[in-house]
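Read the structure below first, then the notes.
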2 protein chains.
Amino acid sequence: MTKRLTILDIARLSGVGKSTVSRVLNQDPNVNPQTRDRVEAVIREHGFEPSKSARAMRTNSARLVGIIVSRLDSASENRAVRGMLEVLYARGYDAMLMESEFDPAKVDEHLALLARRGVDGVILFAFSSLELEHLRAWQDKLILMARDWPQISSVCYDDQGAIRQILEKLYAAGRRQIDFIGVDQSDATTGALRLQAYQQFCAEHQLPCRYLTGSLDVQSGYDLTAKLLTPATDAVVCATDTLAMGAAKYLQEQQRHDVQLTGVGNNPLLHFLFPQVLSVDPGYKQAGRLAAEQLLLQLEQQAEPCAQIAPSHDL
Amino acid sequence: MTKRLTILDIARLSGVGKSTVSRVLNQDPNVNPQTRDRVEAVIREHGFEPSKSARAMRTNSARLVGIIVSRLDSASENRAVRGMLEVLYARGYDAMLMESEFDPAKVDEHLALLARRGVDGVILFAFSSLELEHLRAWQDKLILMARDWPQISSVCYDDQGAIRQILEKLYAAGRRQIDFIGVDQSDATTGALRLQAYQQFCAEHQLPCRYLTGSLDVQSGYDLTAKLLTPATDAVVCATDTLAMGAAKYLQEQQRHDVQLTGVGNNPLLHFLFPQVLSVDPGYKQAGRLAAEQLLLQLEQQAEPCAQIAPSHDL
DNA sequence: CTGTTAGCGCATTCAC
DNA sequence: GTGAATGCGCTAACAG
């Protein structure tokens, strides 16, 4: 790797002007098939890769989008990210993946960095302590995951649908004392929405409504279940698979095989360890795809910003 | 966000030439403190962010390094990545995170993409089916994680040390029939090295040597344990925490509370679900830091390429 | 269909 | 200590 080749080198090597090489690179139809073949041959032969920096500078678009997840090892966000990458790559965009670790300050740092890199847009996974106010600057080039906010496009999972689907199954199976373990309502979607779906279902079906909320780690699932469970409980619905993992451990210790446990996420590990736990996928991957598509639409001015997308998942 | 400001705008706004602004940006000491202050004020006031693309093009260095992990949700690689980011960010580099999903073809795609982006270097987490031969092109700008290869710098975890440490504890606790669950030896480090450490310890201490290897998912841990376990077994050493998770499930089902199980990785989830399992951290995060440091050293020509680093972990 | 030209935003000479 | 000029590799007019 002595000195990277440039478009000019390729031009000389194939006996054409650099704009022709540029045209070949950009799939411009106005190129003689013969010359195109020749140029492409030279490009392959020398393994030439056009410089994105130069292109970015010229076109004022880096063909890059930032994705800020809360945690890289979150199973659910991971699925969404895979969906995003699928569509981004397909459309010729690259992604810069970053981790906020639920820290608003890190989000700001990352956004600044992404700005310097000249990203075309950003997809941000929301979390409760996130200050959404000063995201205004990004407005039409930002998609918020799992949280609605005025003026900003967002994609939410089908929180309510997932919970409802689970509850219907439990109800059909004859369960009548169904408790709920959730996360604090400061979390608008995973917290408030899923709890709300539970409460609503209970009201509709005249079921007793018993629940507790806390943080979203396994320990919390364990602790809350320990607090909430009664001898009469015949099902425990958890807002996430992580909580369900903790709850499962408690139920196992207590030998409460009579209690049907459920989660949200279709986490493979949960399924392996506790196969009896019922879990649904609220369409994480699909949500990721939608988010990326919406972002690209906005960037290409085909769509107004500020769509609030809440896909309903297919069973 | 109308039109991004440029260095020239800042120059005009603060009544200086653009080269002075550039000097301020690059901490050039040859700048009158007064002017510096003035320029910096204007920069802050307008939230100006210099364009990385332009800078990259001019300096022929994007201050960017690619990191290709096998899976984003791998707990161990995650820890290493955090270590890398720590040093990269501190030195003013950004990172582009990508996922190979154990697919050599994806690695090639990602490398091509990184080349176009003009990355300064790449850190690549190795896996068994990876074809290392054509990595030669990257040679001195590449660090390989968890695998040695001639001519290429690498950072390995302390595979043998971790296994040995575990075995010493078990031995000290009076365990004498210690079985081993590993991964195929096609995996040079997690596979071959860890098994080898086990075999060596057995030989040294005249212990029976019983082991099986397979893939590195939980199911494999479960299956292999089922095959390997005998009534006489009093400990099972697993090459990774993932395997240990599967093994733990089997032991639990069989009520084999007499068997001491161990893993490698210090995975928090494993510790929560099966607190009795003993696990050590082979220094993932530290390995990540070392990898990043070595890469930067090479990039800045301070060090020859091809260092083979194998840190020993501190208890 | 193709070559020539002119910048994109910045760092880096070289004058002053 | 500072400003003016040059070019990094590329795309997008504009001519031919």
* Asked: Which part of the nucleic acid, if any, lies within reach of B:Val21 when heavy atoms closer than 4.0 Å are counted: base, sugar-phosphate only, or nothing?
  -> nothing

* In a check of side-chain contact (heavy atoms from CB on, under 4.5 Å) between B:Val21 and each of B:Ile7, B:Val42, B:Val31, which one passes? -> B:Ile7

* Structure fact -> From CG of A:Leu5 across to C1' of D:dC8 the rounded distance in Å is 15 Å

* To do: Check every strand shown and say whether A:Ser19 touches a base, only sugar-phosphate, or nothing at a heavy-atom separation below 4.0 Å.
  => base

* Closest listed nucleotide, where the reference is the side chain of B:Met57 and the choices are D:dC8, C:dT2, C:dA11 -> D:dC8

* Quick one: A:Gln34 CD to C:dT2 P, roughly how many Å, whole number? -> 9 Å

* Structure fact -> note: A:Gln27, atom CD; D:dA12, atom P; distance rounded to Å ~ 13 Å

* For residues 38-53 of chain A, which residues have at least one heavy atom under 4.0 Å from DNA chain D? -> A:Phe48, A:Pro50, A:Ser51

* **Side-chain donor or acceptor of A:Thr189 paired with backbone N/O of A:Arg147 under 3.5 Å** => no

* Choosing from C:dA11, C:dT2, D:dG3, which nucleotide comes nearest the side chain of A:Arg23? -> C:dT2

* Asked: Which part of the nucleic acid, if any, lies within contact of A:Asn26, taking any heavy atom under 4.0 Å across all strands shown: a base, the sugar-phosphate backbone alone, or nothing?
  -> sugar-phosphate

* Structure fact -> Rounded to whole Å, CZ of B:Arg12 lies from P of C:dG9 at a distance of 11 Å

* Within-4.5 Å side-chain heavy-atom neighbours: B:Gln151 and B:Leu132 -> no

* To do: Let me know the distance between CZ of B:Arg117 and P of D:dC10, rounded to the nearest Å.
  => 14 Å

* Could you give the CG-to-C1' distance, from A:Asn32 to C:dG3, as a whole number of Å? -> 15 Å

* With no hydrogens and no angle check, is any side-chain donor or acceptor of B:Thr35 less than 3.5 Å from a backbone partner on B:Asn32? -> yes

* **B:Thr59 side chain near C:dC10 phosphate (N/O to OP1/OP2, under 4.0 Å)** => no

* To do: Examine C:dG9: is either OP1 or OP2 under 4.0 Å from a nitrogen or oxygen in the side chain of B:Thr6? Give yes or no.
  => no

* Asked: Are the side chain of A:Glu99 and the backbone of A:Leu72 linked by a donor-acceptor contact shorter than 3.5 Å?
  -> yes

* To do: Using only side-chain N and O atoms of B:Asn30, determine if any of them is under 4.0 Å from OP1 or OP2 of D:dT2.
  => no

* To do: Hey, can you tell me if B:Tyr89 and A:His110 have their rings parallel, tilted or perpendicular (30° and 60° cut-offs)?
  => tilted

* **Spacing between B:Arg4 atom CZ and C:dC8 atom C1', to the nearest angstrom** => 12 Å

* Toward the 5' end of DNA chain C, which comes first, A:Asn60 or A:Pro29, by nearest nucleotide? -> A:Pro29

* Asked: Atom CZ of A:Arg55 and atom C1' of D:dC8: how far apart are they, to the nearest Å?
  -> 17 Å

* Nearest to side-chain heavy atoms of B:Arg58, which nucleotide of D:dG7, D:dG9, D:dC14 -> D:dG7

* Using 4.0 Å as the upper bound for N to carboxylate O, is an ion pair formed by B:Arg71 and B:Glu77? -> no

* Asked: Given D:dC10, is OP1 or OP2 found less than 4.0 Å from the side-chain N or O atoms of A:Ser22?
  -> no

* Asked: With no hydrogens and no angle check, is any side-chain donor or acceptor of A:Asn26 less than 3.5 Å from a backbone partner on A:Asp28?
  -> no

